[in-house]
Structures are given as structure tokens and as C-alpha cells.
Amino acid sequence: MTSPDPGTVDADELRRLLRELSGDLRSRRRFVQTYVEMWPTRLARLGAALDADDTDESKVVLLSIRSSSVMLGVVGVAGLASAGLQAIELGRLERAREIHTALQEVGRRSCERLLELDAADAAES
């Protein structure tokens, strides 16, 4: 088990989502699993879009990353996605590429933390 990294996932936000789902842990667990499973694909799509200087696709991917991250309380990733969107809007693609690199590590840690928190909530129920 890795140590808690409060900078990547806000456990209170993850639990808020569970309350919004009327305590349906199974639905939230599916959402967490989908997020984790899709993470490598989203990251690869962003990298490919940035490599192709495709700002429209980059924005689509970053918006997807940001919105799902906000819903799950993945604050580090959501913040980086917002910074990436801003960089693209300002025409700073090199900065967006740096953010993509940062997303690789923060996203990996966040996915690990999400799974830990989800498992802990499941064990409590």
C-alpha cells in the first residue's frame, strides 16, 4: 500500500460523490474503475494531440480529464488539466507538453490513491 498523498485525491470529494449516488458504492466503484482504466488512453490521446499540434483535440481531452477528475476529487490532475487548457488557449504548446509530462506522474499516483480510497470505503460497508 502506498502512503496517502492528499495532493492528488480529495477523499471528502470522493465520498461526496458516493452521497450524491445515494450511497450506491457499486456505481461509484464502476466510475473509479473506468477512470483508472481510461487514464492511459486519455494520456496517450493528449500526447498524440500535442505532438500533432492539434489544439482542438488537446482541449477535448483536457476537458474530459478535468471534468471526470473534478467529479472524483482528483484535484492534482484537475488542476493540471486546467493549466493545460489555459496554456493551449494562450498558444503555449510547449507549456502544455510540460503539463502532459507532469500529468503522467500525478495521474499514476492519483489512480493508485483512488483505488486505495475506494477499497477502504468498500471494506467499511
Side-chain angles (χ1 to χ4, degrees):
M1 179 192 257
T2 62
S3 61
D5 188 348
T8 59
V9 179
D10 182 337
D12 291 336
E13 283 299 305
L14 186 60
R15 290 186 183 106
R16 180 198 50 76
L17 176 61
L18 182 58
R19 286 190 305 275
E20 287 180 6
L21 293 169
S22 301
D24 185 354
L25 186 59
R26 185 173 296 145
S27 290
R28 196 202 61 192
R29 294 197 87 194
R30 277 194 305 268
F31 192 24
V32 167
Q33 286 296 325
T34 299
Y35 181 93
V36 170
E37 289 169 5
M38 290 181 65
W39 179 249
T41 301
R42 286 179 170 159
L43 199 57
R45 277 183 61 199
L46 178 58
L50 290 169
D51 287 346
D53 294 335
D54 186 341
T55 57
D56 288 340
E57 177 66 4
S58 296
K59 286 192 272 188
V60 167
V61 177
L62 284 166
L63 285 167
S64 173
I65 289 171
R66 184 177 68 182
S67 63
S68 59
S69 296
V70 166
M71 289 178 69
L72 286 170
V74 187
V75 294
V77 170
L80 284 170
S82 290
L85 285 164
Q86 182 179 28
I88 290 168
E89 290 295 328
L90 296 172
R92 299 183 59 211
L93 291 182
E94 194 53 42
R95 177 65 183 134
R97 288 182 185 95
E98 292 169 2
I99 290 167
H100 174 258
T101 299
L103 276 169
Q104 293 173 9
E105 177 61 19
V106 174
R108 181 192 62 74
R109 288 192 343 254
S110 295
C111 286
E112 289 173 357
R113 186 69 176 136
L114 267 175
L115 292 172
E116 288 174 358
L117 290 169
D118 190 55
D121 285 350
E124 289 178 13
S125 62

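These numbers were taken from a predicted model, which means no experiment stands behind them.
- Interatomic distance, CZ of Arg29 versus CG of Leu18, reported as 11.0 Å (0.5 Å rounding).
- Rounded to the nearest 0.5 Å, atoms CD1 (Ile99) and CZ (Arg92) are 8.0 Å apart.
- Residues Val36 and Phe31 are not in side-chain contact: their nearest non-hydrogen atoms beyond the backbone lie 4.5 Å or more apart.
- Note that CD of Glu98 is 11.5 Å distant from CG of Leu93, once rounded to the nearest 0.5 Å.
- Contact record, Ala96 with Ile88: CB-CG1, 3.9 Å, taken as the closest heavy-atom pair.
- Of all non-hydrogen atoms in Glu57 and Ala49, the two that sit nearest each other are CG-CB, 3.6 Å.
- Within a 6.0 Å radius of CD in Gln104, other residues, nucleotides and ligands contribute more than 12 heavy atoms.
- Taking both residues in full, the closest heavy atoms of Ala78 and Val70 are given as CB-CG2, 3.8 Å, listed atom of the first, atom of the second, then distance.
- Counting all heavy atoms, side chain and backbone alike, Gly73 lies closest to Glu13 at CA-CB, 3.5 Å.
- The backbone N or O of Val60 lies less than 3.5 Å from no partner atom in the side chain of Ser64, so there is not a single donor-acceptor pair.
- Among residues two or more places apart in sequence or in another chain, the salt bridge (charged side-chain N to carboxylate O under 4.0 Å, His left out) test is passed with Asp12 by none.
- Of all the heavy atoms in Val106 and Gly76, the pair that sits closest is CG1-C, 3.9 Å.
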For Asp121 and Arg28, run side-chain contact (heavy atoms from CB on, under 4.5 Å): C-alpha distance rounded to whole Å, both residues' side-chain angles, the deciding distance at 0.1 Å, then the answer. CA-CA 10 Å; Asp121 285 350; Arg28 196 202 61 192; 2.9 Å; yes

Test side-chain contact (heavy atoms from CB on, under 4.5 Å) applied to Thr8 and Val75, step by step: CA-CA 6 Å; Thr8 59; Val75 294; over 6 Å; no

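- Side chain of His100 to main chain of Leu50: no donor-acceptor pair is present (N/O by atom type, distance under 3.5 Å, no hydrogens or angles).
- Residue Tyr35 holds its OH atom at 2.5 Å from OG of Ser69, rounded to the nearest 0.5 Å.
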I would like to know whether Leu114 and Leu14 meet side-chain contact (heavy atoms from CB on, under 4.5 Å); could you show each step before the answer? CA-CA 8 Å; Leu114 267 175; Leu14 186 60; 4.0 Å; yes

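- Put simply, NZ on Lys59 and CG on Leu46 are 13.5 Å apart, with the number rounded to the nearest 0.5 Å.
- Partners of Arg66 by salt bridge (charged side-chain N to carboxylate O under 4.0 Å, His left out), not counting sequence neighbours: none found.
- Gln33 pairs by the side chain to side chain donor-acceptor pair (under 3.5 Å) definition with nothing, not counting sequence neighbours.
- With rounding to the nearest 0.5 Å, the separation of CE in Met71 from CZ in Arg16 is 8.0 Å.
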For a side-chain contact (heavy atoms from CB on, under 4.5 Å) check, start with the C-alpha distance between Asp10 and Val74, then their side-chain angles and the critical distance, and finish with the verdict. CA-CA 6 Å; Asp10 182 337; Val74 187; over 6 Å; no

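- Taking Arg30 as the reference, nothing meets the salt bridge (charged side-chain N to carboxylate O under 4.0 Å, His left out) condition, with sequence neighbours excluded.
- Qualifying side chain to side chain contact (heavy atoms under 4.5 Å, CB included) partners for Ala11, counting only residues two or more places apart in sequence or in other chains: Arg15, Leu117.
- Arg42 pairs by the salt bridge (charged side-chain N to carboxylate O under 4.0 Å, His left out) definition with nothing, not counting sequence neighbours.
- Across every non-hydrogen atom of Val77 and Ser110, the tightest pair is CG2-OG, 3.8 Å.
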